[in-house]
Every structure is written in structure tokens, then in C-alpha cells.
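One structure below.
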Amino acid sequence: MYDVSSNTSHASALLVWYDRHRRVLPWRAAPGEPSDPYAVWLSEIMLQQTTVTAVKPYFAAFLKRWPDVAALAAAPVDEVMRQWAGLGYYSRARNLHACALAIAQRFGGRFPDDEAALRALPGLGPYTAAAIAAIAFGRRAVVVDGNVERVVARLFAIETPTPAAKPLIRERAAAITPDHRAGDYAQAMMDLGATICTPKQPACAICPLSQACGGKALGDPARFPVRMPKTVRPRRRGAAFYVTRADGAVLVRTRPPKGLLGGMTEIPGTPWSGDFIEGSALDLAPIKARYRKLDGCVEHVFTHFALQLSVYVGEVETASAAPEGCRWTPAERLDGEALPSLMRKVVEAARGATEV
DNA sequence: TAATCGTGGTC
DNA sequence: TGACCAAGATT
């Protein structure tokens, strides 16, 4: 206890707190128990920009269906995409499968245990590689996610607006990262950010780092991290065509593998643009049919734009062939398609309007 | 460096 | 009700 450098004191105060207040999470090993690298990896990918609440059911479903990395590697990528549907950021699912294949084929089914090798795998960036090295293998690593950024920015009262402050935040984070209990420390920082040092109203009164916190000393810790002024979110509009055959089959198509909703199933529609003309929507219908426009719009907000989608409902004869790029899917199999949430909204709107 | 890439919850 | 936010990666 004679080393009173900030390095050790921050970490030990945090670890004492963690031993008492750590969250119980499905992918987290019990104290003293070894963690399963597969579970750690799977959860870390799912948790990228995604809440714990949203991840839990997906994590359980994946683990039940594919209990280890070999099972996941052996699955068709389309099955993985379907299982991922609804969780968002679909390139994660494609990379997840690519990573499982790499582990199975290049590493004999065992995850590499150092940060650099992990970093080279698909879908593993600086954060995730460091997190897995620390949590699954006990390696010292500087783990910086959104929680750590917030905690560190407050602790050191960093005035530089993010994202310009990232290098400084990383430097400060490295300076307080201990050499021991790497996994516990990384998870402690994230638990602190998630439960105490929260974005809006940090609970400084019960924070183990409050004594050392520069942001608190200044009187307004919630001011950190300092953000750059926000940009406006543009709105785009378009139309979707929900076409059914007399036998109930629905016309769908698969989006290109890359880009927005890459590789996912969609209801055919027009491009989405800022200057969409409602009156010319029907000129872009994928197949000739009698269409009825539903009242209102399906609304959906993406990260960088908001979308308003008109929905047209049409019906064709059973003999009708699917147009180029489209396919018919039986009504009872539509829910099993890799439908992103936006498209589930479209389907729901169309069904609600047709079944009355 | 700056865009792009989902979704659901919160205030 | 709209803006912000969540265990970021990729290009």
C-alpha cells in the first residue's frame, strides 16, 4: 500500500467496488471461474453499439443453436443472417461467420490469445480485440469503449471535444490500466460507466472514483465528454410494394451483400431519396398489378437519415413469374426470412390493411 | 478523417 | 417528440 501513484489507486478502488457490485450477465464467468472465449467473443460482437437488454435474447438463441465456434463455422451464412435479423448492423453477422470460419480453419477451433492476432480477425477492431484479450485471456490491454471514454473524460476533465479527444483519452486510459486482473478491470470500467458514471445524471455520491474525479471537482461532471455540435438528420422517402399471389406467396428480394441492410430480405420498392415523387411511385413497381396505396407511412429512423415509406398493396395471379431479381416466398415462410425491423414494419402494415 | 451502418429505449 | 444514446468496425 505504499505505491500511491494514481495508476494503482484508481485501479484498486475500482476493483474493490467491482468485487461488490459487478453485474451478473449471461456471458460473464462467475468470480474465479475461467471464461469461455467463444461466449466472450459472441457477446462482444453483439454488444457493439447495442444495449445489454437487446443482446440477451440473441445471445441465448445463438449459444443454444451454435454452442461452440465450430458449430457456428459449419452453419450456412444465411442461417446466421436470419438468426441475427432485428439486431441491426448486419455486417456484424457476416463478419461473425467469417471470423468463426477463420478460427475453425486457421486456428484449429481455438481463439488466439493475444491482442494483435485477435485484431486481425474479421469484425474485431481495437476495442473488441482488447476486450477479448483482457476478459477471455487475462492479458493486459487498454480497453476503450464508450463507457471508458466517458469515465476517463470525466476523471481527467478533458475539455477537448470528441472525437478529437480520443488519442488523449486512450493515453489517460492506458496510464491507469493495471497489470493484473485485466479482465475484471476492463469489465469494472464498463460496469461503472453503465451503472454509476452514466451519460445524463452520474451518481457521484456512490462512485468509487469520485475522490479523484476532475469533472466532479469542477462541479459538472455530466458536461464531459465534450461533444461537437450535432448535425441534422436528413429525411428520405420512398415506396414499397407488398405484392401477394392468389396462393398467398409474397414477392421479396435479397439486398446486395454490402451497404445498408446488406444481404437482408426486403419488400421490393423504389430507391429512397430526398426528392421522392409520390405520383411517380407506381412507375417503379416491380410487377404489373392493381395497387392500392395504404394511408400513412411506415416510419423508420436509421443512424444517419430518417425514412418515410409509402406502402402499396397489390395482388397478382398464381401463375405470375417473379420479375428479375425478385422471388416468391410462401406466406408461412415470410416470418422466417432475414427481415430487418424496417421490413417487418412494412409487412405488418400491409397485413393489417389486407386482413380486415 | 469522415461517412456509413440498425434498432429500441429514454427523457 | 425528437434528440440522444448503447461493450464500434469498416472503408
Side-chain angles (χ1 to χ4, degrees), chain A residues 22-23 25-28 39-59 81 84-96 98-99 118-136 141-151 162-164 166-167 169-170 173 183 185-195 197-201 222 225 227-236 255-264 266 272 298-307 338-345:
Chain A
R22 53 182 286 162
R23 289 179 291 175
L25 298 170
W27 43 85
R28 185 175 280 183
V40 172
W41 164 70
L42 180 60
S43 67
E44 289 299 343
I45 301 299
M46 289 183 166
L47 286 162
Q48 289 167 1
Q49 296 292 290
T50 309
T51 59
V52 166
T53 306
V55 164
K56 279 181 177 174
Y58 283 85
F59 178 80
M81 303 298 290
W84 196 276
L87 197 55
Y89 286 139
Y90 297 100
S91 63
R92 290 185 297 175
R94 197 168 292 278
N95 284 333
L96 185 83
C99 184
L118 288 163
R119 177 67 182 82
L121 291 166
L124 302 208
Y127 161 74
T128 308
I132 296 175
I135 298 170
V142 181
V143 180
V144 183
D145 73 327
N147 289 303
V148 176
E149 276 188 15
R150 185 170 57 254
V151 171
T162 186
K166 282 177 183 293
I169 289 175
R170 164 164 288 276
Y185 175 78
Q187 294 177 92
M189 285 289 277
M190 293 188 279
D191 276 16
L192 187 74
T195 64
C197 196
T198 54
K200 295 280 173 68
Q201 292 202 311
R227 306 270 181 203
M228 287 292 281
K230 50 191 178 276
T231 59
V232 290
R233 196 198 310 275
R235 187 182 69 236
R236 298 182 194 174
R255 292 177 63 88
K258 301 216 172 195
L260 187 68
L261 305 177
M264 304 298 284
E266 70 173 352
W272 307 334
V298 166
E299 302 198 18
H300 195 76
V301 180
F302 293 99
T303 306
H304 52 293
F305 67 92
L307 179 65
L339 287 176
S341 293
L342 163 64
M343 291 302 156
R344 292 196 185 273
K345 289 182 189 176

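Naming convention: chains lettered A, B, ... in sequence-line order (proteins, then strands); numbering from 1 in each chain. As the structure is a computational prediction, the values presented were derived from the model and not from experiment.
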Same-atom distance ([atom1]) from [N] to [M], integer angstrom:
N     : M     : atom1 : value
C:dA9 : B:dG8 : P     : 22 Å
C:dG2 : B:dC5 : P     : 23 Å
C:dA6 : B:dT1 : C1'   : 23 Å
C:dT1 : C:dC5 : C1'   : 16 Å

query: DNA chain B: A:L260 or A:P163, which has the more 5' nearest nucleotide?
result: A:P163

message: So, OP1 or OP2 of B:dG6: does either fall under 4.0 Å of a side-chain N or O from A:H300?
response: no

message: Below the 4.0 Å mark, does B:dA3 have OP1 or OP2 next to a side-chain nitrogen or oxygen of A:H304?
response: no

Measure the distance from [atom1] on [X] to [atom2] on [N] and round it to the nearest whole Å.
X      : N     : atom1 : atom2 : answer
A:R235 : C:dT1 : CZ    : P     : 16 Å
A:M228 : B:dA3 : CE    : C1'   : 15 Å
A:F305 : B:dG6 : CZ    : P     : 9 Å
A:M343 : B:dG6 : CE    : C1'   : 12 Å

query: Within the distance-only criterion (no hydrogens, no angle test), does the side chain of A:R233 pair as donor or acceptor with the backbone N or O of A:T303 below 3.5 angstrom?
result: yes

query: Any donor-acceptor pair under 3.5 Å linking the side chain of A:K345 with the backbone of A:H300?
result: no

Footprint string (nucleotides 3-11 of chain C, 5' to 3'): B base within contact, S backbone only, - free, heavy atoms under 4.0 Å: SSSBBBSSS

task: Measure the spacing between CD of A:Q48 and OG of A:S43 and express it to the nearest 0.5 Å.
output: 10.0 Å

message: What contact category does A:L87 fall into here, base, sugar-phosphate, or nothing, at under 4.0 angstrom with non-hydrogen atoms?
response: base

- prompt: Aromatic rings A:W272 and A:F302: how do their planes relate, parallel, tilted or perpendicular, breaks at 30° and 60°?
  reply: parallel

query: Between A:R150 and A:D145, is the closest basic N to carboxylate O distance under 4.0 Å?
result: no

- prompt: Do A:E44 and A:Y127 have a side chain donor and acceptor closer than 3.5 Å?
  reply: yes

message: Looking only at side-chain N and O atoms, does A:Q187 offer a donor or acceptor that is under 3.5 Å from a partner on A:R28?
response: yes

